[in-house]
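These notes concern the structure reproduced below.
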Amino acid sequence: MFLLAPAPRFSTVAPGLLNSDGQLTVSLPILNIGTADAANVRVTKISLGSAVRRSPAGLPLPLGILPVNGTASISPRFNTTGLLVGGKYLLSVQGTYEANNLTSGFAINRYIVLPAPSQSPVVYLKAHVDVAVQPGIWTYTIFNDEPVGSTQFIALFSLEVGSPFTVTGVPVGWEVETDNVSYALWVASDQQSPYPHHIPPGGSLGGFQIQSSKIGSESTGYLVAAWNHQLDQAGLVSPDLVLSPGKSV
Amino acid sequence: MQKVSSLFKRVVKRPATPSYKLAKVVSDERAIDVDGKSDRNDVFDGITRVLGSSMPRRQALRISFMGVIGVALAEAGLKTAWAAPECLCLGRIYDPLVECCTPSGVQRKKNNPNLAACPNKVVNPEYVCKPNGCGAEGGTKFPPTIGKADFLTCCGAPGTSGAGSHDCCWGKCGNDRDNCDLLFLACLDSACQTAYPGSGIIESIKRSACQQAAVAYYGGVSSFIATSAYESAQSGGCDCCAESTCAQTCLGGSCFNAPSCDNDFGCVCFQTVEGTGFCHRGQPCSTTSPCSSSSQCPQGWACVSVTCCGPQSICVQPCTVIGPAALAFETEGPTTTGF
C-alpha cells in the first residue's frame, strides 16, 4: 500500500477580465485543492504572451499562506497594445511555496480571450509610483498622471512594508506617520487651499525614502490619494503594488 | 436494417430478472469491499441468492468466487479493484465519494467551481475558513492598512479564525455575496473612522482618503471582475452534494448476460481490464480495436476483455456518447453484446 504525504495542489478557474483604458486587468484566483496548506506562497513570474506587464511592476509577489480549500487572487495588468480583441493569449503564472519542510515550485497556465473594451466598475486616480532600490534603501517617486486641468491633486501616499524599517526621506511640505514595522503614510502638510505641496496633474514628487536591514525586495501594496481642489474634498485613489523591503527575503 | 430491428425487439423483450439479481448481489459485495467491515455472512447470503437464481451456474460461481477473494483481500487490508464505488448517473459511471450525480450529469464533489450545476450543494463539513488577508479579488491589490487604519481584520487576517471577515463571508457556503460585500464596506469605513477620528485638515485628508479607498475596494470586490474569486471561495466552502449512496451500480457481466445500466436495455455493463464497470452500448465487432488498457482507447471509451467479439481485449464505446453519434448496428456481423 502506498501512502502519499499530504501536499498542496494549485489550480485556478476562469479569471475575471477587464479591458479598460488600454490595459487588461486579469483577476485570477489561485486555489489550493490539495491536502496540505501551502506556506510562504510567492509569485515569481507573470506573463501574458508577449504583452508588456504594467502591474505588478516588480516581483516576487507574496501571497502568504494558502490553506487547503483556500483561494488567493492576483490581479496583474498588461498593456493591450498589440493584442487583438477576441485573440487568445496564454497567461502564465509561476511561483514557489513551502510544505513538508520543502520549497517547491508551481505553475499555472491558462488561455484567456481578450474581451472588448469596457468601462471600469471603479474609477481610479491616474497615478503611479516608481521605486529606486539600492541595498537596504528604497526611494519612491510619485507621478500624477491625471491630465492637465484635472482637479485631482495628490496629497497622500500610504505604503505597506513587510519588514521593520525607518523612514529616511520626507519631501519638503510633507509629513510622515509610521509604526516602523508595517506601514508608512506620507501626507502633505498644507493646512489650507491652495495646498501648494500637493502634487498637481502632470507633476511628480520624489524623496519618499525608507531604509531596512533587509536587502531583498518584494511587491507590497500602496495607496496614492488625491484631494479634489475644486470641491475641496477627498478625491480619487490609486492602489497598486510596488517593491518594498521583503518579509521573507 | 430489418435484422437490426428484430434484434432490438429481442433485446427489449429479454427478461431483466437475472441481470437485476446479479447487480443486487454485486452491490452487496461492493459494500463489503469498500468499507471492509461488513459481516462476511452477507457475502454468503449473496452467493446463496445467486446460486438460486436463473443465472448460469458457472457465472454465478465465478462471481461468488470474486466476492470471496474480495473479502479475503479486505481482511488483508487491501481493496480490490472491482470494489471501487461505481454508481450510475445518466448512463455514466461515477464515484459517489468524489463525484455527484446532478441533473446536468456527473459533477466533481469537492472544489467544484461550477456550483451552478449543483442544485443540491451543501456545506463542506471539512471546510474551515483560513483567511489570507487583503487580496486582489476586485482586480486591484489594496494594502492591508491605510496608515493605521486596519483593513486586514475586515479582509481576514492570516492565522486568525477570520470571524466576520470578507474572506470567511465569501467562503461560507450559500452566503449572499452582496451582503458580504456590504458588510465589508461597513467594516472598512469603520476602520477609517476609528483610525482617524480627528477634525483637523491633515486628519480629514487621512480619513477621507481611507474612506475613498474603502469605497474603491468595495467597488472592486462587488463588481463582475471579482465573480470568479467569489465562486472559487464558495467552491471551497460547498460540496456539490451531500454524502450519498448510489441507488444503481454496475458490474460487468459476460457475453449475452450483461446487466443493463439505468434500466436501459441497450446499455449494458461490461467490466474493463482495469476491473471497473463500464456502461456500454453494443457496437459491431468490426468497429472495435484491440487494446490492453483503457488509456489506449478514445476518450470516454474503455478497454474490456469479456465481450461477444472473441477473447481479445477491445475498445468499446460508452452508452452516452458526446460528439459523434454512437456506433449503431448498421453493419452485418457479430456485435459486442451478442445482439
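A note on names: the letters A, B, ... follow the listed sequences, proteins ahead of strands, and every chain is numbered from 1. Reckoned from all heavy atoms, side chains included, excluding hydrogens, waters and symmetry mates.
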Under 3.5 Å: donor-acceptor pair, side chain of B/Gln212, backbone of A/Gly235: yes
Pick one of side chain, backbone, both or neither for A/Ala184, based on which atoms fall under 4.5 Å of a heavy atom in chain B. neither
Counting C-beta onward and ignoring hydrogens, is there a side-chain heavy-atom pair between B/Thr140 and A/Pro239 closer than 4.5 Å? yes
If you measure from the Lys or Arg side-chain nitrogens to the Asp or Glu carboxylate oxygens, is any gap between B/Lys130 and A/Asp37 under 4.0 Å? yes
Side chain, backbone, both or neither: which part of B/Ser235 has a non-hydrogen atom closer than 4.5 Å to chain A? side chain
So which part of B/Lys148 gets closer than 4.5 Å to some heavy atom of chain A, the side chain, the backbone, both or neither? both
So which of B/Gly133, B/Ser204, B/Ala226, B/Ala213 has the biggest tally of heavy-atom pairs under 4.5 Å with chain A? B/Ala213
The interface call for B/Thr227 against chain A, heavy-atom contacts under 4.5 Å, is neither
Interface moiety of A/Thr220 toward chain B, non-hydrogen atoms closer than 4.5 Å: neither
Given that the side chain runs from C-beta out, which part of B/Asn124 has a heavy atom under 4.5 Å from chain A: side chain, backbone, both or neither? side chain
When the 4.5 angstrom heavy-atom criterion is applied to A/Phe157 and chain B, the contacting part is neither
Side chain, backbone, both or neither: which part of A/Asp240 has a heavy atom under 4.5 Å from chain B? backbone
